[in-house]
Number of protein chains: 2
Amino acid sequence: MTRNVTIRDIARAAGVSISTVSRALNGQVPVAPDKRQRVLDATRRLGYEPNAAAQGLVRGRTMTVGVLTQDIASPFYSEVSRGIDAGLAGSGYQPIFVNGHWEIQDEAAAITALTRRQVDAVIVLGGRLDARQLRDLHARVPLVVVGRQVPGLDDACLSVDNVQGAFLATTHLLQLGHRRIAHVAGIPSQRDAVDRLEGYRLALAEAGVPFDPALVFEGNFNEASGIQAVEHWLGRAAHFSAVFAANDQMAYGVGLGLYRRGMRVPEDVSLVGFDDLPASQFTLPPLTTVHHPAREMGELAARHLLARLNDPGAPAELPQLPITLSVRESVRFARSP
Amino acid sequence: MTRNVTIRDIARAAGVSISTVSRALNGQVPVAPDKRQRVLDATRRLGYEPNAAAQGLVRGRTMTVGVLTQDIASPFYSEVSRGIDAGLAGSGYQPIFVNGHWEIQDEAAAITALTRRQVDAVIVLGGRLDARQLRDLHARVPLVVVGRQVPGLDDACLSVDNVQGAFLATTHLLQLGHRRIAHVAGIPSQRDAVDRLEGYRLALAEAGVPFDPALVFEGNFNEASGIQAVEHWLGRAAHFSAVFAANDQMAYGVGLGLYRRGMRVPEDVSLVGFDDLPASQFTLPPLTTVHHPAREMGELAARHLLARLNDPGAPAELPQLPITLSVRESVRFARSP
DNA sequence: CTGTTAGCGCGTTCAA
DNA sequence: TTGAACGCGCTAACAG
């Protein structure tokens with residue numbers, strides 16, 4: 001393409017030095033009004049845009065915050081990203097998103113890409129990067145980890161009490177009289193999954209309902225594993241009146257699996273999810289689910305980083321966001337046996 | 001944080017000049033094996049990462065392609081983005097995503113942000129930017145516009161034949177005996193919406209079914225407007241046996257609206273969507289919908305740009321991707337009247 | 001094969 | 001208030 005117009009072109013066109021152009025544009029230092037005007041005119045006329053890379057090089061700040069997400073099309077992380085976008089709006093900082101694909105190597109490569117781009121801060125959404133790598137990163141740049149609790153990085157982690165959320169969901173079912181509650185768990189290597197299973201067990205224990213391993217199916221957080229769970233249970237004639245899925249996507253799958261077998265939600269089986277994705281308001285029936293404040297977490301992470309960027313001495317403390325249950329229509333009283 | 005380690009630190013540590021470091025790392029020019037090794041060692045030991053901004057400055061290429069998307073959490077554009085991500089994988093180019101929020105001003109600001117960052121190419125997903133702005137952009141940097149057909153920019157646009165897609169959907173319904181087919185249209189200022197309405201009308205005309213304006217509801221591409229459409233029709237006792245929604249999200253809303261009124265899909269009403277979002281495989285029932293090759297479009301856009309970046313003289317031609325119907329379970333024969 | 005040097009575009013001293 | 005000059009970190013001639 002044609003060579004970009006640079007500050008020198010503007011200087012020449014306005015008949016001033018490049019430092020005057022710089023000053024007129026950045027507006028910290030006083031500049032004679034007429035010269036300022038000439039610079040502004042030339043800028044507009046030639047369509048000048050300062051080169052961000054050059055600015056970053058000399059200023060030592062690039063005004064970007066890197067966001068490592070796992071899958072740009074994952075509904076849950078998209079919500080967090082949207083929050084980040086909103087939290088950064090108007091701050092002058094720009095998010096740059098990279099994908100880790102839930103693969104340690106991709107994640108590491110993505111972090112490297114961010115580092116090379118000299119991002120001023122980093123937000124990591126989930127992922128498998130181990131604690132050491134994250135601590136190393138934290139040592140080089142302000143960091144917030146969303147959706148994970150990393151040992152030794154507590155004040156940089158923003159997550160929700162998953163045990164509590166699952167407890168809430170299960171208790172809701174229990175209070176409605178359900179006793180045979182099945183659970184579609186998530187990937188056991190992910191802490192969230194483990195915690196949610198834990199919350200489920202805790203709630204059962206508290207209600208004096210025995211835990212039955214046959215009612216737990218290990219899924220992978222995708223819709224398909226919800227279907228598999230139903231097939232699995234029905235194939236072995238397991239008996240249950242409710243299902244708690246470790247995320248909404250698996251709950252959708254459960255709904256479909258049940259439908260395929262001619263069973264209705266909530267008439268035959270009650271169903272509760274986890275995450276409260278926007279889509280869950282529109283499923284058939286609308287899904288009762290644990291509300292995960294994804295959007296808010298993103299926004300909070302962004303604002304927190306901005307605060308630290310503007311005042312490195314600012315106290316770190318990230319609050320833990322409350323988790324609630326969104327009660328909709330996928331749950332009913334258990335029929336008396 | 002602590003000052004970054006630079007090429008000079010490596011040079012010192014390895015006892016060579018900075019140009020040797022550069023050469024050893026970039027590996028185009030021959031370097032003595034022992035020196036190369038010393039450089040590599042120092043690099044690893046000090047954790048050196050080249051500053052991408054500085055590289056970009058001198059090379060004139062930043063190895064990034066800017067992606068202007070509208071809403072990072074929109075299921076459709078996420079799919080396209082995922083395709084872009086895949087298409088760029090391994091090329092050395094990195095996508096950087098910015099959001100336009102379907103607001104001309106935000107879009108313009110986002111483009112400016114990309115320009116300032118000296119992106120080597122741009123992909124625009126939808127949006128409201130007018131043809132002039134896009135042509136200006138095209139003049140400065142290789143560009144592909146996905147999901148829109150911009151006058152005067154034909155060889156840079158990648159979209160699908162929306163008329164044809166809607167025609168396919170409507171014809172499918174007609175062939176199954178439906179005569180009263182309602183349509184939830186999209187935002188009339190968006191070309192896709194207009195084209196899909198057009199395809200619907202064309203199909204009706206070809207089948208000799210009169211067009212009834214009372215059966216068209218103008219939605220806004222969100223789930224909620226699907227519900228509204230149903231309320232609207234039922235409120236005026238409109239009579240229909242099938243609904244074609246201009247996108248899947250509105251189709252979900254239609255499904256829910258119908259459910260609220262005690263009507264079942266497909267037993268009482270047949271339903272067809274447009275886009276074939278991943279979620280449509282798991283709705284109740286799985287949705288028959290026009291398959292929009294979103295992922296492929298993203299990938300194609302990326303590869304196309306890569307080709308042009310590597311060989312600016314390469315022929316431009318972007319193919320038009322075929323559009324098909326994904327037949328699932330939301331459609332049935334019309335009951336004889 | 002290697003070191004020295006000249007910029008890439010910009011912000012920021014330092015003098016004037 | 002302004003311009004000249006320096007340097008941010010790096011690559012690419014240019015001499016050796």
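Letters go in sequence order (proteins before strands), and every chain restarts at 1. Bear in mind that the values here come from a model prediction, so they are computed numbers and not experimental data.
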Starting the side chain at C-beta, find the nucleotide from [options] nearest to [X].
X       : options               : answer
A:Thr20 : D:dG9, C:dG3, D:dG3   : D:dG3
A:Ala32 : C:dG3, D:dT2, D:dG9   : D:dT2
A:Ser17 : D:dG3, C:dT2, C:dC10  : D:dG3
B:Ile7  : D:dT11, D:dA4, C:dC10 : D:dT11
A:Arg8  : D:dC10, C:dC8, C:dG3  : C:dC8

**Study point:** Under-3.5 Å donor-acceptor pair between B:Arg23 side chain and C:dG3 base
**Key:**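 By the distance-only test, yes, there is a pair.
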Check your understanding: Any N or O donor-acceptor pair linking the side chain of A:Ser22 to the base of C:dT12 at under 3.5 Å?
Key ->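 No, the side chain and the base share no sub-3.5 Å donor-acceptor pair.
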Under 4.0 Å: is that the gap between some side-chain N or O of [X] and OP1 or OP2 of [N]?
X       : N      : answer
B:Gln55 : D:dC10 : no
A:Asn4  : C:dG9  : no
A:Lys35 : D:dT1  : no

Check your understanding: Any ion pair linking A:Arg82 and A:Asp85 (charged N to carboxylate O, less than 4.0 Å)?
Key ->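 No.
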Exercise for review: Salt-bridge test for A:Arg295 and A:Glu299: reply yes if a basic N is under 4.0 Å from a carboxylate O, no otherwise.
Suggested key: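 So A:Arg295 does not pair with A:Glu299 through a salt bridge.
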Practice item. Map A:Thr6 and B:Val29 onto DNA chain C by nearest heavy atom, then report which one ends up closer to the 5' terminus. Key: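 Of the two residues, B:Val29 wins.
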